Amino acid sequence: MKNTFLNDFVKFYFKNTKERLNDELIIMPSKRSVVALKQAFISNKKAVSIPKIIDIVSFIEQTSDLKILNHQESILEFYDIYANLKNKSLKTDTFENFYAWASVIISDFNELDRNLVDTTKFFEHHKALKTLNYFGVEKTKLIQSYIAFWESLPHYYNSFKSHLLKSNQAYQGLAYRKCFENISAFISKNNQPITFLGFNALNKAEEQIFEYCLKNTPTKIIWDIDQSFLDEKQHPSNTFISNYQKKWVKYKNKLIVFKSNHFSQPKDINVLSSPKHIGQAKIVSAILNNLDENEIENTAIVLNDEDLLNPILNSIPKSIKNVNITMGFPLSKSALSSFFNTIVSHQNHSAKNISYQHLKNILNHPIFNQTTYDDRFKILSQFEKQNLINIDVDELLSLNIQNNEIKLLLKNLKKYNNPQLFTKNILKFIDEIFSRQEHAAKTEFVDYQNLFLKLQSILESFTDLNFASFTLLFQNLEQSEKLNFKGSKSKGLQIMGMLESRLLDFDNVILTSVNEGILPAGKTDNSYITYNLKKQYNLPTHTEKDAIYAYHFFRLMQRSKKCYLIYDNDQSGFNKGEKSRFINYLQIFKSPNHRFTENQYSLSTKLQQKEPLEIYKTPEIILKLNEICENGLSPTALTTYVLNPILFYKQYVLCVKEIDQIDEVINPKDFGTVIHRCIETFYKTPNSTLSEDLLNEISKKIPEILTLNFTKIYAKNAHHSGQNLIQFETAKAYLNRFISKEKQDIKKNTIKIIEIEKSIETLFYTDHHRVKLKGQIDRIDICDDTLRIIDLKTGNVKPSDLKFNDFNQLISDYDYAKAFQILFYTLVYSKNFDVEIMKAGIISFKNLNQWFMPLTYDGKNSIDQTILDEFENYLAQLIDEILNPNIPFKEKDVNFES
């Protein structure tokens, strides 16, 4: 793009500068704009050399002769003061509590200093307001403590300021104040022309510095603003520059605005909306696909929400080879974040154990390659066999592990008395990873190595920090540290944040998250200073910050040819889905030359039509089916086929089973096993008639028997806390109610238990095949004179589940699976024992009020030989279908997830 502000400035510079280039100092708002201006000078044919160009923060640092600390460093320096206060009444908080309020306080100190506020007067005023809030109210200890905190602010401020200046350090606001105090000395020493280029909103210190330079040196201030914005008095982008022009009218010859009217030139403005981040990313992808290679070179994607970076990076078309990302990507969102967070957070637990799930997440993390597989498998399988929910770390360390990476990792899982030793071992682990040259995440490991080295340095200075403090520091550093991307600032597609776009111009601008509450941010001040107090001391409020965003927004658009303004229209939850007021302004005050369009972008939800899967029965499959039939067909296998033949094929022909895993909370299958084992223990004596004495004896043993069976599946103390305790008590309540219902039943009927957990089988003949049928009946008893086949279910069963009036329902509809299972057991039992009439049914622990729910066919709840013969015919049809080589396994439901 040729008609950029920086190119215009370079032309202006060579036309109007008579002094030697090296004598001029050009000061700019950001480091990125400095690089861009240097590139503009290099690209100009008249440039033999370039003047000195620096950003404003570097200028402040040089002039104040102080090293500017970042926010994290400032908090730690402040804590150094706080921890060593002689007046112990002022030092009452732990590091974790201190960190929360100190972060806000330092931001407020920054505002006070960079705006040259009289802090003595301000703190007196601030304290008086806080005290006034409790005028006439009884001063409880809490209120006294609250007031004392605000009274101590001047002491904190002065001590902190003095401490920093002694070591030639400063937070940014303090450096601005010292720069203002030193500006006259700087000008006297460096009598050179100065150009302040492309500034907009100035803090009070910058105002005073600029004004002093205007008064005492051949200084120029060059604004980057379209003339049409200045001419329109109420335009949201001219708030600051218009005020400075009025304020410094006597220096008007030194205040320069290039005469331009770029904004009113022909321009395509496309407003697009879509829900959520993914919708915006898809819009960006669609826009980029419609731009040619030359257009891409002059395109910028400006992100107002850094959370969009990852979705957009994954949506960039593969045809775009060169991408430069100016904004950093927080380490907290990198692939390694979950790995290190799990290890660090483990140190906060008082127990020496680590949960199996945490251990599994760590060992299965992608950072480990195939060479570590054997050791990782050995560790996990060791505890899977024992079904341990929590694992003693000392036991882990005693395992014979060969790989150094895994050895060092396990050392980091042991409990350390102090964070210093833990950090030392983490760094050893990272060094071991570095020894593996081919590691894909090596760059990220370098960043984490630097992070832990910073933590190590902090711990050397603050030896009293515990693991809670360490974790807090780790998480904040992880959030503030950025992964830097490689790319060319002058070539390819540019991706940046709004502040990085200052003084840069592009033909095509794609702005994302142009939502109210984001652009502008609105009332989001994180400050202890009230709005009214800010107004009284001329401190910036959300109103001024909105004006800053307005300037950046309209400045970015003024020289562009195509603007794509994308906002999130999702209105679910707390989202408003409201487009920015800046878009409304563009619509209402539309320029005649602007082509304005607005469209909603809908994500495609059309699913590709799936064809039902069919598996034809090869001779090998038939051989496997015959093998299954010889070993025995269970009712579960047959009802699985009824549910979905493909699922039957996967589970029984291919033998694809669910992966065994350790559940920290007992799963429904194991819960059912525990209940069944308890019932089996209660009625272990066959052919026993139930009596009240027997049932009372069983009631007393319920806790003991339940504990015994629970610990056979889970660790010894697994049911003593958490969800497992709830499940244990639920099981106990189920068993107590079960015995209670038995007591009620024997008052009306004579119940004799024949057998519990009875395994049964029989040979079964169809017209074409001979197969074995097998199963396990939970309970066989005689109620008065009627034999009953009973299946016990821990899930919910209703009487309607056991009613049918057509045998075809049993072999075609899975809704009748429970009825099929009960009738199957009855048939197999009748093949082994001569019984003319019997009943079969289910007792559901979740529906014990119904107690025994009988199988009912066509209104009859007793089963005779006629019913069994009919069922036998339909069962034969089902088995013949399964074994028929001409009938493939065909998916019943294409959306079925097995």
Side-chain angles (χ1 to χ4, degrees), residues 615-645 647-649 651-655 754-755 757-778 780 787-791 802 804-814 816-841 855 857-858 860 862-890:
I615 305 292
Y616 290 93
K617 294 170 184 170
T618 63
E620 291 80 10
I621 290 176
I622 293 297
L623 195 64
K624 179 65 177 177
L625 289 172
N626 287 331
E627 183 185 321
I628 293 168
C629 291
E630 284 179 20
N631 291 328
L633 282 170
S634 68
T636 304
L638 292 169
T639 53
T640 300
Y641 181 87
V642 172
L643 174 63
N644 193 336
L647 182 59
F648 174 88
Y649 168 74
Q651 289 189 358
Y652 294 93
V653 179
L654 296 183
C655 298
I754 305 300
E755 284 197 75
E757 300 296 332
K758 169 70 174 175
S759 295
I760 54 170
E761 60 181 52
T762 188
L763 289 177
F764 182 76
Y765 296 87
T766 73
D767 290 341
H768 308 288
H769 303 95
R770 187 190 77 166
V771 300
K772 184 199 285 185
L773 302 181
K774 65 178 183 178
Q776 187 161 314
I777 302 172
D778 291 337
I780 305 166
L787 187 133
R788 298 188 303 185
I789 306 291
I790 300 175
D791 194 45
L802 298 172
F804 71 100
N805 50 31
D806 184 349
F807 282 94
N808 192 55
Q809 293 171 324
L810 301 180
I811 64 169
S812 61
D813 191 341
Y814 186 75
Y816 295 90
K818 295 179 180 69
F820 180 97
Q821 182 183 15
I822 291 299
L823 203 48
F824 179 95
Y825 287 150
T826 309
L827 175 65
V828 177
Y829 187 84
S830 71
K831 296 285 184 182
N832 289 276
F833 301 95
D834 186 19
V835 183
E836 290 185 7
I837 295 179
M838 56 185 128
K839 289 187 177 182
L855 178 73
Y857 167 63
D858 205 18
K860 300 173 186 176
S862 59
I863 302 170
D864 57 22
Q865 194 58 46
T866 306
I867 292 175
L868 292 176
D869 289 344
E870 190 70 12
F871 174 64
E872 197 168 338
N873 292 331
Y874 281 88
L875 180 60
Q877 288 179 36
L878 179 63
I879 293 170
D880 281 341
E881 181 182 317
I882 293 171
L883 297 175
N884 190 334
N886 298 316
I887 300 177
F889 294 115
K890 187 172 181 179

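Note that the structure is a prediction, hence the values are computed from the model and not measured.
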Student: So Arg770 and Leu763, side-chain contact (heavy atoms from CB on, under 4.5 Å) or not? Walk me through it.
Tutor: CA-CA 7 Å; Arg770 187 190 77 166; Leu763 289 177; 4.2 Å; yes
Student: Flag the pair Lys831 and Glu761 as a salt bridge only when some basic side-chain nitrogen lies within less than 4.0 angstrom of an acidic carboxylate oxygen.
Tutor: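 No salt bridge links Lys831 with Glu761.
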Student: Is it the case that more than 12 heavy atoms not belonging to Phe833 sit under 6.0 Å from its CZ atom?
Tutor: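 Check passes, neighbour count above 12.
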Student: Restricting to non-hydrogen atoms, name the atom on Phe648 and the atom on Ala637 that form the minimum distance, rounded to 0.1 Å.
Tutor: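 Distance-wise, the nearest heavy atoms are CD1-O, 3.3 Å.
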Student: Please determine, by modelled atom types, if Gln865 and Asp869 share a side-chain donor-acceptor pair under 3.5 angstrom.
Tutor: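 There is such a pair (donor and acceptor under 3.5 Å, judged by atom type) between the side chains of Gln865 and Asp869.
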Student: Can you find a heavy atom in the side chain of Asp813 that is under 4.5 Å from one in the side chain of Val642?
Tutor: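 The answer is no, as the side chains (C-beta and beyond) never meet within the 4.5 Å cut-off.
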Student: So Leu773 and Ile879, do their side chains get closer than 4.5 Å, heavy atoms only?
Tutor: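 The answer is yes, as the side chains (C-beta and beyond) meet within the 4.5 Å cut-off.
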Student: Kindly confirm or rule out a cation-pi arrangement of Lys772 over Phe764, judged by NZ or CZ under 6.0 Å from the six-membered ring centre and within 45° of its axis?
Tutor: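 No cation-pi geometry.
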Student: Walk me through whether Arg788 and Ile780 qualify under side-chain contact (heavy atoms from CB on, under 4.5 Å).
Tutor: CA-CA 6 Å; Arg788 298 188 303 185; Ile780 305 166; over 6 Å; no
Student: Mind checking the CG-CD1 spacing from Asn873 to Ile811? Nearest 0.5 Å is all I need.
Tutor: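 So the CG of Asn873 and the CD1 of Ile811 are separated by 10.5 Å.
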Student: Heavy-atom distance under 4.5 Å between the side chains of Gln776 and Glu757, does that happen here?
Tutor: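 When only atoms from C-beta onward are counted, Glu757 and Gln776 do touch, with a gap below 4.5 Å.
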Student: So, taking the atom named CE in Met838 and the one named OG1 in Thr826, what distance separates them when rounded to the nearest 0.5 Å?
Tutor: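 One gets 6.0 Å once the value is rounded to the nearest 0.5 Å.
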Student: Quick one: closest heavy-atom pair of Val828 and Asn832, and the distance?
Tutor: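 The pair with the smallest heavy-atom distance is O-ND2, 2.8 Å.
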Student: With a 4.5 Å cut-off on side-chain heavy atoms, are Lys890 and Pro645 touching?
Tutor: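 No, their side chains stay 4.5 Å or more apart.
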Student: List the atom of Ile863, the atom of Ala840, and the distance in Å for their closest heavy-atom pair.
Tutor: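 Nearest heavy atoms, Ile863 then Ala840: CD1-CB, 3.7 Å.
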Student: Can you tell if the side chain of Ile882 reaches within under 4.5 Å of the side chain of Leu638, non-hydrogen atoms only?
Tutor: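 A side-chain contact exists here, since the closest heavy-atom pair is under 4.5 Å.
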Student: Taking side chain as C-beta onward, heavy atoms only, is Gln809 less than 4.5 Å from Asn805?
Tutor: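 Contact flag for Gln809/Asn805 side chains = yes.
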Student: Quick check: do Ile621 and Leu625 have side-chain heavy atoms less than 4.5 Å from each other?
Tutor: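 Yes, side chains in contact.
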Student: Return yes if some donor-acceptor pair links the side-chain N/O of Lys839 with the main-chain N/O of Leu787 below 3.5 Å, else return no.
Tutor: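 The answer is no, because no donor-acceptor pair under 3.5 Å joins these two groups.
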Student: Would you check, one step at a time, whether the test side-chain contact (heavy atoms from CB on, under 4.5 Å) holds for Tyr616 with Phe889?
Tutor: CA-CA 6 Å; Tyr616 290 93; Phe889 294 115; over 6 Å; no
Student: Please find out if less than 6.0 Å separates the ring center of Tyr649 from that of Tyr641.
Tutor: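 For Tyr649 and Tyr641, the ring centres are not under 6.0 Å apart.
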Student: Starting at CD of Gln821, measure out to CG of Leu810 and round the result to the nearest 0.5 Å.
Tutor: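 That separation rounds to 12.5 Å.
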Student: Measuring from atom CD of Gln877 to atom OG of Ser812, what distance do you get when rounded to the nearest 0.5 angstrom?
Tutor: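 It is 10.5 Å, given to the nearest 0.5 Å.
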Student: Taking the ring centre of each residue, are Phe871 and Phe820 less than 6.0 Å apart?
Tutor: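 Distance test on ring centres: under 6.0 Å, yes.
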Student: With a 4.5 Å limit on heavy-atom distance, are the side chains of Leu823 and Leu855 in contact?
Tutor: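 Leu823 reaches Leu855 side chain to side chain.
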Student: Can you name the nearest heavy-atom pair linking Ala819 to Phe804, along with the distance?
Tutor: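 Smallest interatomic distance, heavy atoms only, reads CB-CD2, 4.4 Å.
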Student: Tell me, with the steps shown, if Ile822 and Lys818 meet side-chain contact (heavy atoms from CB on, under 4.5 Å).
Tutor: CA-CA 6 Å; Ile822 291 299; Lys818 295 179 180 69; 5.7 Å; no
Student: If we ignore hydrogens and angles and just use 3.5 Å, is the side chain of Asn884 paired with the main-chain N or O of Asp880 as donor and acceptor?
Tutor: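 No, the answer is negative, given that no donor and acceptor are paired below the 3.5 Å cut-off.
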Student: If you take all heavy atoms of Pro635 and Phe824, which pair is closest and at what distance?
Tutor: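 Scanning both residues completely, I find the closest heavy atoms to be CD-CE2, 3.4 Å.
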Student: Verify, without hydrogens or angle tests, whether Asn631 (side chain) and Glu627 (backbone) share a donor-acceptor contact under 3.5 angstrom.
Tutor: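 At least one qualifying donor-acceptor pair exists.
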Student: Rounded to the nearest 0.5 Å, what separation is found between the CG atom of Leu868 and the OH atom of Tyr829?
Tutor: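 These two atoms lie 13.0 Å from each other.
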Student: How many angstroms lie between atom CG of Leu883 and atom CG of Leu633, to the nearest 0.5 angstrom?
Tutor: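 Answer for the CG-CG pair, Leu883 versus Leu633, is 7.5 Å.
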